[in-house]
Number of protein chains: 2
Amino acid sequence: MSGLDGGLARQNDGAAAPRRGLGTNQSGMRDYNQRLVLSLLRRHGSLAKTEIARMTGLSAQTVSVIMRELEADALLVRGDPQRGKVGQPSIPMSLNPEGAFFLGLKIGRRSSEMALIDFRGAIRRMCQHSYAYPTPEDTIAFVTKDLATLEKTLDRRRWARVAGLGIAMPFELWSWADAAGAPPGAMDGWRHTDIRAALAERCPFPVYLQNDATAACGAELVFGHPPAQGDFIYFYVGAFVGGGIALGGRLFSGSTGNAGALGSMPVPDPAGTMRQLIDVASISVLEKTLVARGLDATGLWTSPDDWGELGEDLERWVDGAAHGLAHAILAATAVIDFQSAIIDGWLPLAVRAALVARTAHHLSQLDSEGLTLPAVREGTVGRHARALGGASLPLAERFLVGAQSAL
Amino acid sequence: MSGLDGGLARQNDGAAAPRRGLGTNQSGMRDYNQRLVLSLLRRHGSLAKTEIARMTGLSAQTVSVIMRELEADALLVRGDPQRGKVGQPSIPMSLNPEGAFFLGLKIGRRSSEMALIDFRGAIRRMCQHSYAYPTPEDTIAFVTKDLATLEKTLDRRRWARVAGLGIAMPFELWSWADAAGAPPGAMDGWRHTDIRAALAERCPFPVYLQNDATAACGAELVFGHPPAQGDFIYFYVGAFVGGGIALGGRLFSGSTGNAGALGSMPVPDPAGTMRQLIDVASISVLEKTLVARGLDATGLWTSPDDWGELGEDLERWVDGAAHGLAHAILAATAVIDFQSAIIDGWLPLAVRAALVARTAHHLSQLDSEGLTLPAVREGTVGRHARALGGASLPLAERFLVGAQSAL
DNA sequence: CAATAAATAAATAAATGTGATTTATCTATT
DNA sequence: AATAGATAAATCACATTTATTTATTTATTG
């Protein structure tokens, strides 16, 4: 069977997928169990059918049937039989990298990125588009052109297996007009454009939209090394800092999609005045400092591998940002007992490491009576987390259990 | 069939109830659909089979079978046929108040409460036990005695239908030793006693344990008028303030059970110093003020219907508490986009109303850029929310969809 | 006006289809 | 011989589909 229409897709069409408030039926059950198998394989890389049976509590036969079907749909591939143990050799099954492809589009204030990833999460293609400020028309043109190239580059079979496009974009992009140095009103187009719908018209597959930092959080969940588990809070430090929430190993985007709006978290600055996290932990704050000092700050955006020697300014920014992040983590922990806090961003690795260490330090200084503090950790996905997070949206929607639908 | 063993109970024993990480099978599906039907009836009071079918998306026949079974188990009763419309008259089905009973035990620093509620949530019996400070032995004796009385009072059929006991108790009760005016070390017994296990030994039904404010939140969800829906944050203002979280109409207690530890939320006091919410919004703070002024504050605990004339002191406390609550709500909203914030407590109705109004006012003064503020509302359950919340635990566990198991 | 037919809606019985489980068997290895 | 993985066949459980029964209102007719 070529394409994805015969596989999980059809199952979803049936009466009642386990959406909220609806009943379950057999299709829902099979669909759930298939997704469960795929999720386990994603997490563990490669498992024999019996192992899956043990982990899920399903009978060996059921697992056998499900996995043979997935294999027939080319979503799984069998590995070399493992000999050397008593009994029949076990055949490790793993995700077929070519089983499906996903597109992720990140729209930022200085550039857009479009990523193509395979079923195992490997980046197959990544292209960038820079600008002074983004407009919807420009973005649509960029995507359309890239899609055309892609359709030519990939063979027909692979193109048919592109399962969706996920857009990772900040909420209310237009309100950055001034910060991005755009002429007033230049970005008003965003206010009235439904970019998701506009792109969906031009794509033969479903298109999803999610806040950029929330999407990045999803990338940590699906493509992390290892994939993040349980309940955690996530920060993506970009031009502006944003956040995401994962509960029970699943992205939580909230009823309005605005969960994890950690940039708006009130935090005290060293003087005790309450400010929003976005005003202390964003890279744009560092940029402003550098510019005020008459330095060239464009390297912050163009060479994320190494910012060079920024000395005292960088150190002060890291400390301030960490101070704010620590407070945000503390407050968030009073709401949800997160197991860990993950920090990633458009940052050189050394800066990210320093930021995490400093945040952990500040956090340990705060009054956490009655709380169990989460472990503060670096993200494992890195700079491109937002684009990859976009790509994770169609993946989660089609192939993982209980994803929150992203519009 | 007498007792509950024949009904949903057995279904639960089957292989895979939809617990996390496990597969689903038919029993799980039937169990889920049964719970769904019961949840809908709880929310809507009384529904015809066809209405349930429409709401769930299940076929009329499936609903028919499920509801006949529930009726046979005496969990549902049929109402008078509704005539006056075209077609066969519809028979409204509703929860049988006598279908099951639940016990809720609240353990507080000055008194314990034990409540018996029926399947519809009506309080059938409520008894109180006051003390200078609680000990595990004392509590066990109180419960044991009350259970004996209950077994005598209820007839055999009803006693067999008691589905469980839920304990609502603050975390780390022992750490209040000083605040409760107990001799040092007197409450150390709690540190080493597994009260849930101790009571479970003495009960023929399952026993659950939950943080008291989280349990109260559960009461708002199950017994509220109307039952609260969606995502909300909940505060119970007692001797100490505590909180709870509900997501998607379900109690969320987190991986360690410490979600909604809102008492530990850092909030700025008017001077700008960061303090924990518990230090500004607890009734004990008001008590301290009154005692320092040489006034008798016992009325705060003994006459929750009317605190009398406390004048300026009360007003100042309400304002301070509201200020803290507003900040806590703001910070929480940056984590989860809550639709509402519900405030209840051991408070006279007028004080609760004033606290809510003042909190809403303070909240509107804060910088909420990038957030959608939740509506601030009074609880609908009232003072006994904690005991009722305890009783809601076995109810949710047995009869509602997707409850987080409480230990 | 009463009797009757048509339409509608709820409830349910029987047949059907889907999916998980149980049981038995085969294969490969120590 | 013992053990463990894989799977086919038979069985069981549950939801769906289709058709039927029952109860009622509305419209029509004598």
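Keep in mind that what you see is a predicted model, and the values were worked out from it rather than measured. Below, read A as the first sequence line, B as the second, and so on, with proteins coming before strands; counting in each chain starts at 1.
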Q) When you check the gap from the basic side-chain N to the acidic O, do B/Glu69 and B/Arg30 get nearer than 4.0 Å? A) yes
For the side chain of [X], starting at C-beta, report the closest nucleotide among [options].
{"X": "A/Arg30", "options": "C/dG19, C/dA13, C/dA11", "answer": "C/dG19"}
{"X": "A/Asn33", "options": "C/dA20, C/dA11, D/dA8", "answer": "C/dA20"}
{"X": "A/Ala60", "options": "C/dA11, D/dT7, D/dA6", "answer": "D/dT7"}
{"X": "B/Lys49", "options": "D/dA6, C/dA11, D/dT16", "answer": "C/dA11"}
{"X": "A/Thr62", "options": "C/dT12, D/dG5, C/dT21", "answer": "C/dT21"}

Q) Hey, which of these two, A/Ala48 or B/Ile66, hits DNA chain D nearer its 5' end, going by closest nucleotide? A)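 Result: A/Ala48.
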**Q.** Polar contact flag, side-chain donor to acceptor under 3.5 angstrom, A/Ser94-A/Arg120
**A.**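 Yes, A/Arg120 and A/Ser94 have a side-chain donor paired with an acceptor closer than 3.5 Å.
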Q) Is it true that the side chains of B/Gln339 and B/Gln229 contain a donor and an acceptor less than 3.5 Å apart? A)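 Side-chain D/A pair, B/Gln339 to B/Gln229: absent.
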Rounding to a whole Å, what distance do you find between [X]:[atom1] and [N]:[atom2]?
{"X": "A/Leu58", "N": "C/dT22", "atom1": "CG", "atom2": "C1'", "value": "15 Å"}
{"X": "A/Ile52", "N": "D/dA6", "atom1": "CD1", "atom2": "C1'", "value": "14 Å"}
{"X": "A/Asp31", "N": "C/dT18", "atom1": "CG", "atom2": "C1'", "value": "14 Å"}
{"X": "B/Met67", "N": "C/dA10", "atom1": "CE", "atom2": "C1'", "value": "13 Å"}
{"X": "B/Gln61", "N": "C/dA15", "atom1": "CD", "atom2": "P", "value": "13 Å"}
{"X": "A/Gln34", "N": "C/dT18", "atom1": "CD", "atom2": "P", "value": "14 Å"}
{"X": "A/Leu70", "N": "C/dG19", "atom1": "CG", "atom2": "P", "value": "13 Å"}
{"X": "A/Glu71", "N": "D/dA6", "atom1": "CD", "atom2": "P", "value": "12 Å"}

Q. Could you walk me through whether A/Glu98 and A/Arg158 pass the salt bridge (charged side-chain N to carboxylate O under 4.0 Å, His left out) check?
A. CA-CA 7 Å; A/Glu98 306 268 312; A/Arg158 290 198 178 95; 2.4 Å; yes
(Q) Any base atoms under 4.0 Å from A/Ser90, or only sugar-phosphate, or nothing? Heavy atoms, all strands. (A) sugar-phosphate
Q) With a 4.0 Å cut-off on heavy atoms, is B/Ser59 in touch with a base, just the backbone sugar-phosphate, or nothing at all? A) base
Q: Using modelled atom types only, decide if a donor and an acceptor are shared between the side chain of B/Arg161 and the backbone of B/Gly99 within a distance under 3.5 Å.
A: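 Answer holds: yes.
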Q: Would you verify whether the NZ or CZ of A/Arg42 falls within 45 degrees of the ring axis of A/Phe223 while also being under 6.0 Å from that six-membered ring's centre?
A: no
Q. So, is B/Thr50 near the phosphate of C/dA11, with a side-chain N or O under 4.0 Å from OP1 or OP2?
A.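 Indeed, a polar side-chain atom of B/Thr50 lies that close.
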Provide a list of protein-nucleic acid N or O atom pairs under 3.5 angstrom, restricted to nucleotides 20-23 of chain D.
unit_1	atom_1	unit_2	atom_2	d
D/dT22	O2	B/Gln88	OE1	2.4
D/dA23	O3'	B/Arg83	NH1	3.4
D/dA23	N3	B/Gln88	N	3.2

Q) Counting only heavy atoms not in A/Asp80, do more than 12 sit closer than 6.0 Å to its CG atom? A)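 12 or below, so no.
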